[in-house]
There are 2 protein chains.
Amino acid sequence: MSPRRRTTLRDIATALDLSVNTVSRALADKDAVSVETRRRVKAEAERLGYVPNTMARSLVLQNAMTLGLVITNPSNPFYARLISAIEERGRTRGYSLMLMVTEDSIDNERRAAEELMRWGVDGVLAIPVQHGTEHWEGLRKSGIPLVLLNRHLPGLDVDLVGVDYYAGARAATEHVLSTGATELYLAEENLDISPVSERIRGFHDTLAAHGLSAPDDAVVRVDSPGGGGVSVPFDPGPAYEIGAALARRAGPGAVVLAGNDYHALGLYRAFTEHGLRVGVDVGVVGHGDHPFSAYLDPPLTSVRLPAAEVGQAGVDRLLERVETAGQAEGGEAAPAHTLLPPELVVRASVPRPDGGEH
Amino acid sequence: MSPRRRTTLRDIATALDLSVNTVSRALADKDAVSVETRRRVKAEAERLGYVPNTMARSLVLQNAMTLGLVITNPSNPFYARLISAIEERGRTRGYSLMLMVTEDSIDNERRAAEELMRWGVDGVLAIPVQHGTEHWEGLRKSGIPLVLLNRHLPGLDVDLVGVDYYAGARAATEHVLSTGATELYLAEENLDISPVSERIRGFHDTLAAHGLSAPDDAVVRVDSPGGGGVSVPFDPGPAYEIGAALARRAGPGAVVLAGNDYHALGLYRAFTEHGLRVGVDVGVVGHGDHPFSAYLDPPLTSVRLPAAEVGQAGVDRLLERVETAGQAEGGEAAPAHTLLPPELVVRASVPRPDGGEH
DNA sequence: TTGAAAGCGCTAACAT
DNA sequence: ATGTTAGCGCTTTCAA
């Protein structure tokens with residue numbers, strides 16, 4: 001019952017009257033061990049319930065076989081899928097995952113980076129909070145490869161794997177324009193991060209490409225439900241508030257492009273309460289294609305994000321860096337940005353002037 | 001540019017012509033170091049960018065300052081919130097988090113337990129896959145405390161912190177009955193786990209308490225969107241399929257209690273397509289109170305789950321065990337189950353016979 | 001084929 | 001107040 005001490009190589013060695021060394025090599029299936037000895041060692045290890053001590057191993061091998069993941073909020077469904085994909089890919093490649101949640105706090109992020117350095121993880125994937133890059137510089141300087149996920153960080157020249165939000169916004173805006181709508185709004189998260197600015201840029205560029213331009217107040221900002229303490233899940237509330245004002249402003253046939261599907265849902269409710277039928281009198285487009293979106297009434301047109309692909313590509317890129325890290329000088333490839341394409345899923349939340357089928 | 005070797009205590013020691021030991025004690029703020037020496041050591045550590053090596057420290061101290069979390073699927077919004085809460089609580093108490101995702105595969109779970117033993121984590125929190133307890137026994141036997149989260153595992157007598165699903169189901173069923181409904185259905189996840197069986201039990205018991213009883217086919221099973229590979233998020237699809245059949249069977253005023261809010265949403269759609277108005281002709285109750293639920297049309301009555309509380313209580317319980325683990329024999333308290341109360345949030349998805357306000 | 005010795009980076013017990 | 005020694009559990013020379 002007493003939590004007895006873990007079995008070590010030494011225990012096996014003394015039990016068999018061998019040296020620790022021989023036991024180590026026998027278990028590692030190296031040569032220079034007689035078949036018989038190997039058999040006895042493995043049997044004894046089994047009998048004693050031997051479990052190798054990863055820390056000790058890592059200490060001498062100078063590799064942790066661990067990746068760090070620094071993420072802002074697992075309740076963001078896109079990030080949740082990212083976590084799964086990353087853990088899975090890392091695991092199949094032999095790496096464990098240390099998870100750090102920042103809740104978009106730069107202090108938490110700094111602590112996370114520091115902690116990861118202390119552990120000496122082999123590499124770090126991060127969805128960074130905006131502003132503040134010194135701690136990431138510190139990581140890099142200590143020789144730990146870093147790959148940014150999904151958010152670009154100005155002033156930090158490292159690898160990035162993410163979503164091509166600009167393309168997503170262009171596709172969404174293009175689609176809306178194709179239905180003949182002329183009054184467009186963009187309801188974006190009130191966060192100073194690259195996905196948001198990219199979407200805004202895509203929105204404006206697409207309009208411009210059609211010889212149109214949006215008034216300054218066509219882009220409205222929706223506060224995040226954030227706050228201190230335990231992470232708050234996404235919430236349609238703030239967009240609902242905004243939606244009331246929008247409902248008053250919007251003429252018939254107006255369409256709002258939302259920064260995420262929760263915002264879209266808040267808009268649905270606001271419009272409905274103002275007697276506006278989404279998909280008929282007014283349009284809404286989501287972003288993220290959350291599983292609930294296809295089942296809303298009307299089904300939401302949204303931009304699907306390649307979460308699993310981003311996670312996998314992120315791990316792959318990171319491990320490339322990890323594996324070439326011990327190389328001779330100059331062997332390092334320059335940092336690159338990989339942007340994976342999202343996909344517009346057209347459903348029924350944008351009115352068709354011809355009343356045609358969706 | 002070359003990822004130069006990490007600074008160690010030795011580097012500081014030689015630079016200052018001190019012993020490693022003195023440097024160690026100076027940085028740890030122990031006594032028996034002159035004020036002046038301490039100052040010099042800290043300055044030099046700073047200058048050299050010294051970062052303590054946690055692994056080396058853990059190896060000698062025989063504690064990892066790490067907790068393991070074994071979870072089935074981060075895309076389950078309840079679990080996502082659990083992850084945040086656990087990471088946060090662990091962090092404030094000085095522990096890092098190693099995350100293992102099982103995707104409800106017993107093989108993955110076994111591997112996770114093994115990996116955590118190799119790391120020698122101080123304790124493990126797990127949302128277990130059903131069936132198969134040997135790997136958890138193994139963990140326990142090696143002296144690593146284990147706390148189960150949310151799912152009871154028959155045949156394994158360990159601490160559990162979770163939600164009182166039985167109470168939640170009773171409250172929901174009671175509420176439905178109080179509106180005068182007499183035709184009730186339960187649409188449950190097709191998973192052999194304790195939350196599901198507890199909800200079914202609560203459903204039947206409440207009916208019985210009112211002198212009623214449900215026909216055998218009142219409980220219908222909804223398949224999970226599961227599958228191999230990267231975790232699939234919850235999805236209203238399967239419940240939508242079931243809902244079509246239910247819509248045909250259900251008489252006016254029938255109410256379906258869903259196992260989660262995604263199922264409820266699938267039901268909404270199925271009913272609507274059959275010309276049934278949810279909240280008027282027919283009722284739906286959700287479970288989990290997902291953030292989207294309050295914004296559905298009609299707003300979904302659902303059972304709110306205390307995610308953050310479960311996570312915190314789980315960590316607290318685990319750390320109690322961790323801290324008393326080194327104790328003398330017999331000091332261990334018996335394993336206990338802590339079930340936190342959910343809360344029924346009444347909105348407008350169940351018809352009121354009097355047509356009264358909600 | 002096996003063993004002895006050294007060392008990864010750190011802390012603790014025991015000198016001095 | 002500081003240094004020396006030993007050791008956490010493992011792997012890697014290098015000898016035998």
Side-chain angles (χ1 to χ4, degrees), chain A residues 3-42 44-45 48-66 117-122 142-143 326, chain B residues 3-42 44-45 48-66 117-122 142-143 326:
Chain A
R4 46 135 221 258
R5 197 179 52 73
R6 242 168 115 167
T7 301
T8 71
L9 285 188
R10 238 247 297 263
D11 298 328
I12 302 177
T14 48
L16 259 34
D17 203 35
L18 288 170
S19 78
V20 170
N21 186 337
T22 304
V23 175
S24 168
R25 288 193 336 250
L27 290 175
D29 275 324
K30 303 222 168 171
D31 330 328
V33 178
S34 80
V35 179
E36 172 58 8
T37 303
R38 175 161 314 164
R39 198 194 52 66
R40 290 175 58 221
V41 167
K42 291 199 170 174
E44 188 67 8
L48 260 28
Y50 172 71
V51 175
N53 185 323
T54 298
M55 286 215 189
R57 186 166 205 279
S58 287
L59 187 60
V60 28
L61 259 28
Q62 297 283 62
N63 69 356
M65 293 314 281
T66 299
M117 287 180 62
R118 289 172 185 252
W119 276 107
V121 296
D122 299 304
S142 82
Chain B
R4 48 136 219 255
R5 195 179 53 75
R6 241 169 118 167
T7 302
T8 70
L9 286 188
R10 238 246 298 263
D11 297 328
I12 302 176
T14 48
L16 259 34
D17 202 36
L18 287 169
S19 79
V20 171
N21 187 327
T22 304
V23 174
S24 168
R25 284 186 349 240
L27 290 174
D29 274 325
K30 303 222 169 172
D31 327 330
V33 178
S34 81
V35 178
E36 172 57 9
T37 303
R38 176 161 312 165
R39 199 195 51 67
R40 291 176 55 220
V41 168
K42 291 198 171 174
E44 187 67 9
L48 259 27
Y50 172 71
V51 174
N53 184 323
T54 298
M55 286 216 187
R57 186 166 203 278
S58 286
L59 188 60
V60 32
L61 259 28
Q62 298 282 60
N63 68 357
M65 292 314 281
T66 299
M117 288 182 61
R118 288 173 186 254
W119 276 106
V121 296
D122 299 304
S142 82

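Chain identifiers are assigned alphabetically (A, B, ...) following the order of the sequence lines, protein sequences preceding nucleic acid strands; residue numbering begins at 1 within each chain. This structure is a prediction, so every number in the text was calculated from the model and none was measured.
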Q: Rounded to the nearest Å, what distance is computed from the CH2 atom of residue Trp119(B) to the P atom of nucleotide dC8(D)?
A: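 Value for this atom pair: 20 Å.
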Q: Rounded to whole Å, please give me the gap between NZ in Lys30(A) and P in dG3(C).
A: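 Between P of dG3(C) and NZ of Lys30(A): 17 Å.
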Q: Taking only residues two or more places apart in sequence or in another chain, which ones pass salt bridge (Lys or Arg N to Asp or Glu O under 4.0 Å) with Lys42(B)?
A: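 Expected list: Asp29(B).
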Q: Considering only side-chain heavy atoms of Arg10(B), which listed nucleotide, dG3(C), dC8(C), dT2(D), is closest?
A: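 Taking heavy atoms from C-beta onward, the closest nucleotide is dC8(C).
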Q: Do any side-chain nitrogens or oxygens of Thr8(A) fall under 4.0 Å of OP1 or OP2 in dG9(D)?
A: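 False: Thr8(A) side-chain N/O out of range (4.0 Å or more) of dG9(D) OP1/OP2.
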Q: side-chain contact (heavy atoms from CB on, under 4.5 Å) with Arg57(B): which residues, sequence neighbours excluded?
A: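 Per chain and number, Arg57(B) pairs via side-chain contact (heavy atoms from CB on, under 4.5 Å) with Leu61(B).
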Q: Any side-chain hydrogen bond (donor to acceptor under 3.5 Å, both in side chains) involving residues 17-27 of chain B? Give me the pairs, sequence neighbours left out, ordered by first then second residue.
A: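 Sorted result for residues 17-27 of chain B: Ser19(B)-Thr22(B), Asn21(B)-Arg25(B).
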Q: Under 3.5 Å, which protein N or O atoms sit close to an N or O of nucleotides 13-16 of chain D? Give each pair with its distance.
A:
from    : atom 1 : to       : atom 2 : distance (Å)
dT13(D) : O4     : Asn21(A) : ND2    : 3.2

Q: Checking Asn63(B) side chain against Met65(B) main chain: does a donor-acceptor pair fall under 3.5 Å?
A: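 Not a single qualifying donor-acceptor pair exists.
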Q: Do you know the tightest heavy-atom contact between Arg6(A) and Gly120(B)?
A: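 Minimum heavy-atom contact is NH1-CA, 3.4 Å.
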Q: State the CG-CE distance between Leu59(A) and Met55(B), to the nearest 0.5 angstrom.
A: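 One gets 8.0 Å once the value is rounded to the nearest 0.5 Å.
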Q: Which residues, if any, of residues 32-41 of chain A bring a heavy atom under 4.0 Å of DNA chain C?
A: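 Ala32(A), Val33(A), Ser34(A), Thr37(A), in order of number.
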Q: For the pair made of CG in Asp11(B) and P in dG7(C), what is the distance, rounded to whole Å?
A: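 Rounded to whole Å, this separation is 15 Å.
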Q: Whole-Å distance between dT11(D) C1' and Met65(A) CE?
A: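 Atom CE in Met65(A) sits about 15 Å away from atom C1' in dT11(D).
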Q: Please state how far atom CG in Leu9(B) lies from atom P in dG3(D), giving the value in whole angstrom units.
A: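 Computing the Leu9(B):CG to dG3(D):P distance gives 13 Å.
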Q: Whole angstroms only, please: what is the CZ-P distance between Arg118(B) and dG9(D)?
A: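 Answer to the nearest Å: 16 Å.
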Q: Can you see which heavy atom on Arg38(B) is nearest to which on Ala26(B), and at what distance?
A: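 For Arg38(B) versus Ala26(B), the nearest heavy atoms are NE-O, 3.9 Å.
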Q: Rounded off to whole Å, could you give me the CG-to-C1' distance for the Leu18(B) and dT4(D) pair?
A: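 It is 14 Å, rounded to the nearest whole Å.
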Q: Under the side-chain hydrogen bond (donor to acceptor under 3.5 Å, both in side chains) rule, collect the residues that match up with Ser34(B), sequence neighbours excluded.
A: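 Partners of Ser34(B) under the side-chain hydrogen bond (donor to acceptor under 3.5 Å, both in side chains) test: Thr37(B).
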Q: Atom OG in Ser58(A), atom CG in Asn53(B): separation rounded to 0.5 Å?
A: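 Rounded to the nearest 0.5 Å, the OG-CG separation comes out at 10.0 Å.
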Q: What's the shortest heavy-atom distance between Tyr50(A) and Leu9(A), and which atoms?
A: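 Closest approach of Tyr50(A) to Leu9(A): OH-CD2, 3.4 Å.
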Q: Near DNA chain C, counting only heavy atoms under 4.0 Å, which residues of residues 54-63 of chain B show up?
A: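 Listed by number, they are Ala56(B), Arg57(B), Val60(B), Leu61(B).
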Q: Check DNA chain C for consecutive Watson-Crick or G-U pairs with both distances under 3.5 Å and list the runs of at least three as stems.
A: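 Detected stem regions: C:1-16 with D:1-16.
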Q: By side-chain contact (heavy atoms from CB on, under 4.5 Å), which residues pair with Thr66(B), not counting sequence neighbours?
A: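 side-chain contact (heavy atoms from CB on, under 4.5 Å) list for Thr66(B), sorted by chain: Met98(A), Trp119(A), Ala64(B), Ser96(B), Met98(B), Val121(B).
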Q: For dT11(C), take OP1 and OP2 only and decide whether either is under 4.0 Å from a side-chain N or O of Ser24(B).
A: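 So the side chain of Ser24(B) is within the cut-off, an N or O lying under 4.0 Å from OP1 or OP2 of dT11(C).
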Q: Looking at Thr22(B), I'd like to know whether one of its side-chain N or O atoms comes within less than 4.0 Å of OP1 or OP2 on dG3(D).
A: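 Yes, Thr22(B) has a side-chain N/O under 4.0 Å of OP1/OP2 on dG3(D).
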Q: Could you list the residues that satisfy side-chain contact (heavy atoms from CB on, under 4.5 Å) with Arg118(A), not counting sequence neighbours?
A: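 In terms of side-chain contact (heavy atoms from CB on, under 4.5 Å), with neighbours along the sequence ignored, Arg118(A) is linked to Glu114(A), Glu115(A), Val51(B), Pro52(B), Thr54(B).
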Q: Could you work out, with side-chain contact (heavy atoms from CB on, under 4.5 Å) as the rule, every residue matching Thr8(A), not counting sequence neighbours?
A: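 Checked Thr8(A) against side-chain contact (heavy atoms from CB on, under 4.5 Å); matches are Arg5(A), Arg10(A), Asp11(A).
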Q: How close do Leu48(A) and Thr7(A) get, counting heavy atoms only, and between which atoms?
A: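 Reported closest heavy-atom pair: O-OG1, 3.0 Å.
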